[in-house]
Amino acid sequence: MKNLKMKRILVVIAIIVMTSSVVFAAPVLTDSVNVVFQGKDVDFAQKNVYKEEGHIYVPFRQFFESIGYDVEWDAASSTAVAKDPLRISNSVDREQKVDAALWQLSAEARACFIQAFNLATLRFDQALEEYPDVENLAVIADIDDTLVDGVMYTADVLQDGEWTNEAFGKSLASEACKPLPGAVEFMNYVVDNGGHVFYVTNRVSSLREVTFEAMEELGFPMVDEDHIFIREDGMASSKESRRNAIEKDYQVVMILGDNLEDFADLFPVTEGVQARRDAVDELYDLWGDKFIIFPNAVYGDWEKAVYKYDKSKSLEERMQDKKAVFDYYKYTR
Ligand SMILES: [Mg+2]
């Protein structure tokens, strides 16, 4: 009985090890097995490796500890857990965002936001000079990662959470919800000087209430149904119709965003990285003038463009697409 149980455990271990891309580099021998894991030799005490019915069995703890993983045994649930101490997230695609999130938390990112809002203030002053008699000057701003910092929520998701609107809503109602530096000051500057501000966000309707409460709490002006345009049920992610509705009655002198979709529907993600770069160049004079863009290395249409927003692609195919972008811009190409 005990032997049978041990056998079952070893089979499970063998499956786990095999699905973790273990490559048996040498012919299987009863007393000598070489194992390579992600390019590194795994150092076993051979006495713990044995062969039976064409399978090689290796001990879970010894395997993972030998490649630097931490191994824990939860006796209550009879679960062995191996964790790579060099990884923060539990999946490859999330792990690739860790440095991006750290960058969003950096002093350099902070300086970029302050710089952009200083520029926006200067541009609004120029607009006041240019249109001294116009009473309906307006600024349109995206909310997330333009006015409100989402990086603390991202940091939580990257570690052990799942991105859901419910969890996001909770973060908006918590201490994690902070304005980006210069955002509250700029939006109030516009209103204090006779302008109007509009918030065009792709937050969904279930986040309406918490959005209004949080924006008010953070000190943003004109927080009401006439000035906050969320993404209503059934509405496309494009912000064009909402921008057009505002531009019908107001002279929009500036648009603020962290994603090209915040400015115009001219940067199709399905056409890839270079097409979007070209489209940005076509509007050269607008950047830093009517269009003020903020850095977001964590997420955005830029990442969809890498795989031309083909949702049918697997993670492996998307990894190949990432490599293809590097190859395209390779200086030795
Ligand atoms: Mg945004």
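Atoms considered below: every heavy atom in the structure, side chains included; atoms not considered: hydrogens, waters and symmetry mates. Whatever order the structure lists ligands and atoms in, that order sets their numbers, starting from 1.
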> Between Phe117 and Phe294, does the ring centroid distance fall short of 6.0 Å?
Replying inline: yes
>> My understanding is that only residues two or more places apart in sequence, or in another chain, count here; which of them pass ring-ring contact (aromatic ring centres under 6.0 Å, His included) with Phe168?
In response: Tyr153, Trp163
> With sequence neighbours excluded, what pairs up with Ala264 under the side-chain contact (heavy atoms from CB on, under 4.5 Å) test?
Replying inline: Leu266, Phe267
>> For a quick test of reading the model, state the closest non-hydrogen atom pair linking Val210 to Gly169 and the distance between them.
In response: CG2-O, 3.6 Å
> Excluding sequence neighbours, so at least two apart, what forms side-chain contact (heavy atoms from CB on, under 4.5 Å) with Ala275?
Replying inline: Glu271
> At distances under 2.8 Å, what protein N, O or S atoms surround the Mg ion (ligand 1)?
Replying inline: Asp142 OD2, Asp144 O, Asp258 OD1
>> If only side-chain N and O atoms count, and only distance matters, is there a donor-acceptor pair under 3.5 Å linking Asn118 with Arg123?
In response: no
